[in-house]
Amino acid sequence: MRIPDMVNAQWIATLADEQLIAAEAKLHVEFFKEESAEKKRCGSRYSMLEGPATLVNAWHRWLMVNNETRERGLLVSATKRRTRSA
């Protein structure tokens with residue numbers, strides 16, 4: 001599945017539950033990598049919303065999809081997510 005650069009409600013609505021869960025997992029991995037790199041770079045000065053556009057965009061894309069998984073009542077396990085990304 002291709003995830004667009006600009007995730008929006010219209011695209012999210014086209015996804016079946018299984019696709020949504022897969023997209024959420026993939027986007028979380030991308031966000032986690034961006035966030036980890038920025039935390040390492042900034043240390044105690046880290047502030048996500050003041051970070052680079054790539055970090056904020058990764059967070060926004062993941063957040064929109066994650067919100068929909070919760071809205072649909074789909075459970076996304078952080079443990080499963082970490083296992084998939086390893």
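All values below come from the heavy atoms of this structure, side chains included, with hydrogens, waters and symmetry mates left out. Source: prediction; values computed, not measured.
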Any chance you could measure Leu63, atom CG, to His28, atom NE2, to the nearest 0.5 Å? 11.0 Å

Would you mind writing out the side-chain donor-acceptor pairs for residues 7-19 within the sub-3.5 Å range, not counting sequence neighbours?
residue, atom, partner, partner atom, Å
Asn8, OD1, Gln10, N, 3.2
Asn8, OD1, Trp11, N, 2.8
Thr14, OG1, Trp11, O, 2.6
Asp17, OD1, Arg72, NH1, 3.0
Gln19, OE1, Ala16, N, 2.8

Sequence neighbours excluded and cut-off under 3.5 Å, please list the side-chain donor-acceptor pairs for residues 42-52, or say none.
residue, atom, partner, partner atom, Å
Arg45, NE, Cys42, O, 3.4
Tyr46, OH, Glu35, OE2, 3.1

For Asn57 and Arg61, which I'm curious about, is there any donor-acceptor pair between the side chains at under 3.5 Å? no

Let me check something: do Val56 and Phe32 share a hydrophobic cluster, defined by ILVMFWY side-chain heavy atoms less than 4.5 Å apart, either directly or through other members? no

Any ion pair linking Arg41 and Glu38 (charged N to carboxylate O, less than 4.0 Å)? yes

Verify the cluster assignment for Met6 and Leu20: are they in a single hydrophobic cluster under the rule of side-chain heavy atoms below 4.5 Å apart? no

Can you tell me how far apart CE (Met64) and CG (Asn67) are? Round to the nearest 0.5 Å. 8.0 Å

Any idea how Trp62 and Phe31 line up, ring-wise: parallel (<30°), tilted (30 to 60°), or perpendicular (>60°)? parallel

Roughly how far apart are His60 NE2 and Leu27 CG, rounded to 0.5 Å? 11.5 Å

Test applied, side-chain contact (heavy atoms from CB on, under 4.5 Å); reference residue, Glu30; option that passes from Glu34, Lys33, Lys26: Lys26

